[in-house]
Amino acid sequence: MTDAPLKLFNSLTRSLEVFEPVHPGEARVYSCGPTVYNYPHIGNMRAYVFADVLGRTLEWKGLKLTHVINITDVGHLTDDADAGEDKMEKMAAAQKQSIWEIAEHYKQAFWADVRALNIREPAQWTVATDYVPQMIEFAKGIADKHCYELKSGLYFDVSSVADYGRLARAQTEEGEGRIEAVEGKRNAADFAIWRKTPPGETRQMEWDSPWGKGAPGWHLECSVMSGAVLGFPFDIHTGGIDHREIHHPNEIAQNQAHCCTNGLDDPKNSGAKIWMHNNFLVERSGKMSKSSGEFLRLQLLIDKGYHPLAYRLMCLSAHYRSELEFSWEALGAALTRLKRMVMAVEPLKAVEAQPVAEHPKFAAALAKFDEAISDDLATPVALTALDEALAVKKVDAGIKRGVIEEIDAVLGLNLFGLTREALRIRPKAATISEDEITAALDRRKQARAAKDFATSDAIRGELAAQGVEVMDGDPLGWEWELS
Ligand code: AMP
Ligand code: ZN
């Protein structure tokens with residue numbers, strides 16, 4: 001049932017390619033991780049839900065997965081194209097804490113979101129500051145042929161490698177205009193791989209190097225950590241679509257220099273065979289931001305009463321290469337859909353899963369699921385295959401459970417771990433406890449049984465005043481909801 005060849009969209013060739021592992025039987029994947037200077041917003045988390053589904057799919061296809069996600073705790077400037085301040089230094093100054101404290105706090109916050117979204121831990125989290133000696137070695141290795149030194153740092157000469165910028169499909173003049181001019185740069189797109197600490201200044205994070213005290217550039221970090229752990233070339237490199245423009249072209253240029261590979265007609269020369277990018281989660285007002293409007297952290301969704309896996313399902317209901325617009329209505333719809341699924345598996349919880357064998361009642365749904373997920377992770381279609389499998393009736397419960405577990409191993413919705421109660425909307429701000437609600441509903445049931453509709457209505461009114469909506473006759477059987 002995993003027969004369909006896995007096809008993935010390679011941003012480097014802008015085409016679907018059948019996945020063929022570099023090392024037979026294995027899949028080595030690197031995902032650009034967060035810069036831990038602030039909480040992640042739910043758009044950032046979309047990138048890791050996508051990488052998680054990719055990893056689960058590769059394993060489901062029988063490959064031994066090695067997934068690495070990095071944690072950037074130094075070197076990422078406020079502008080991706082090498083200008084501005086170090087995001088970490090800036091936040092540390094604003095919060096009057098050390099960078100190490102800032103990094104630890106936001107790394108933990110990120111990991112909490114990872115767990116809440118049922119994103120599996122990668123084989124390794126690589127932390128940038130643990131790899132600085134390797135970064136210096138990498139830079140030394142390419143400095144003579146590909147770099148030049150300026151007052152502010154060691155710069156990479158993008159004209160020294162073939163096909164620079166192919167991933168971004170050639171820099172437009174307008175694009176280059178966005179890159180801040182640094183006096184002495186040979187090409188507008190040249191970027192710092194080592195940033196010297198300006199004379200007379202001390203940075204909280206700085207290291208000795210052949211180019212003076214300073215810190216590594218952000219692009220250098222990912223080249224070094226991916227190569228160090230996975231070895232060049234590895235299979236798949238992922239990130240959000242913004243990384244297709246600057247960060248990943250720069251990583252690729254460094255990898256070409258380091259590996260002494262030539263042009264990019266052979267994608268492997270870039271350091272990875274396939275480069276994959278998830279599209280953005282957007283707000284109606286435009287790009288998601290941590291600074292303006294409502295800061296959409298996962299915790300905000302939870303505080304408003306939504307189970308975080310409703311957000312995971314919302315992500316899966318769009319293809320990862322499509323833009324997805326966030327709205328509370330869409331999140332609510334995802335929650336309702338998740339409730340239906342959880343209720344459909346409820347009767348299967350008591351039975352043991354049977355291994356998935358050929359079963360005529362599930363053949364169509366399983367084939368559809370395999371084809372969808374193998375078609376560049378078409379999760380919206382895969383979800384309809386799940387719905388079809390859930391709708392199969394008059395079949396051995398153990399077999400059904402086996403099928404649903406198999407599908408959920410890829411989608412990661414934790415259907416057998418969730419309960420209807422856990423999916424109730426329960427805002428943090430609610431003043432009434434669940435025990436009080438249950439007690440009131442019991443009294444109301446008794447009143448109704450005694451045909452005392454006045455009391456029944458009065459109780460309903462009291463509950464409504466406290467934000468509890470009683471849902472009589474709801475086909476889903478959700479007897480109440482907090483709003
Ligand atoms: P950062 O911490 O800014 O490096 O971002 C972490 C990841 O989130 C990167 O892969 C970004 O490309 C990705 N990302 C940033 N904004 C969004 C968004 N609105 N939707 C989806 N992915 C995003
Ligand atoms: Zn990166």
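Keep in mind that what you see is a predicted model, and the values were worked out from it rather than measured. Note that ligands are numbered from 1 as they come in the structure, with each ligand's atoms numbered from 1 the same way. Only heavy atoms go into these numbers, but all of them, side chains included; no hydrogens, no water, no symmetry mates.
With atom 10 (O) of ligand 1 as the reference point, the heavy atom nearest to it among S31, A51, G240 is part of G240. Of the candidates F280, W218, F110, F280 brings a heavy atom nearest to atom 16 (N) of ligand 1.
Near N278, meaning under 4.0 Å from any of its heavy atoms, are these atoms of ligand 1: 21 (C), 22 (N). Distances below 4.0 Å separate heavy atoms of G43 from the following atoms of ligand 1: 17 (C), 18 (C), 19 (N), 20 (N), 21 (C), 22 (N), 23 (C). When each atom of ligand 1 is checked for a heavy atom of P34 under 4.0 Å away, the hits are 2 (O).
Backbone or side-chain N, O or S atoms of H219 do not reach the Zn ion (ligand 2) at under 2.8 Å. Using a cut-off of 2.8 Å, one finds that C222 contributes an N/O/S atom close to the Zn ion (ligand 2).
Residue-level proximity to ligand 1 for D242 is carried by the side chain, the only part with a heavy atom below 4.0 angstrom. Counting heavy atoms closer than 4.0 Å to ligand 1, residue Y48 contributes side-chain atoms (C-beta onward) but none from N, CA, C or O.
In H247, the N, O or S atom that comes nearest to the Zn ion (ligand 2) is NE2.
S270 is listed as a side-chain neighbour of L264, based on a closest heavy-atom distance under 4.5 Å. Residues F295 and N38 form a side-chain contact, since some pair of their non-hydrogen atoms from C-beta on lies under 4.5 Å apart. When side chains are defined from C-beta on, Y106 does not count as touching M88, because their heavy atoms never get closer than 4.5 Å. Within the 4.5 Å cutoff, the side chain of P216 has no heavy atoms near those of the R195 side chain.
Between E104 and K107 there is a salt bridge, with a side-chain nitrogen of the basic residue lying less than 4.0 Å from a carboxylate oxygen of the acidic one. Looking at K368 and E388, a side-chain N of the basic residue comes within less than 4.0 Å of a carboxylate O on the acidic one, giving a salt bridge. Using a 4.0 Å cut-off between charged side-chain N and carboxylate O, D157 and R186 make a salt bridge. Ionic pairing of K140 and E137 is present here: one or more N-O contacts between side-chain nitrogen and carboxylate oxygen are shorter than 4.0 angstrom.
Heavy atoms of other residues, nucleotides or ligands lying less than 6.0 angstrom from CD of E183 number 12 at most.
Residue-to-ligand polar distances keep A47 apart from ligand 1: every N/O pair is separated by 3.5 Å or more. No N or O atom of I241 sits closer than 3.5 Å to an N or O atom of ligand 1. Checked against a 3.5 angstrom limit, the closest N/O atoms of N44 and ligand 1 fall inside it. The shortest N or O to N or O distance between T35 and ligand 1 is under 3.5 Å. Taking only nitrogen or oxygen atoms, main chain and side chain alike, K87 does not reach within less than 3.5 Å of ligand 1.
At the top of the distance list for atom 20 (N) of ligand 1, counting protein heavy atoms only, stands L281 N, 2.9 Å. The nearest protein atom to atom 9 (C) of ligand 1, hydrogens excluded, is given as H243 NE2, 3.5 Å; this is a heavy-atom distance.
Between F138 and H258, the ring planes lie parallel to each other; the angle is under 30°, not in the 30° to 60° tilted range.
Of the listed residues (T238, D376, N278, T379), just one forms a side-chain hydrogen bond (donor to acceptor under 3.5 Å, both in side chains) with Y320, and that residue is D376. Partner H219 forms a ring-ring contact (aromatic ring centres under 6.0 Å, His included) with one of H248, H247, H243 and no other, that one being H247.
In this structure, H41 has a heavy atom closer than 4.0 Å to ligand 1. At least one heavy atom of N279 sits less than 4.0 Å from an atom of ligand 1.
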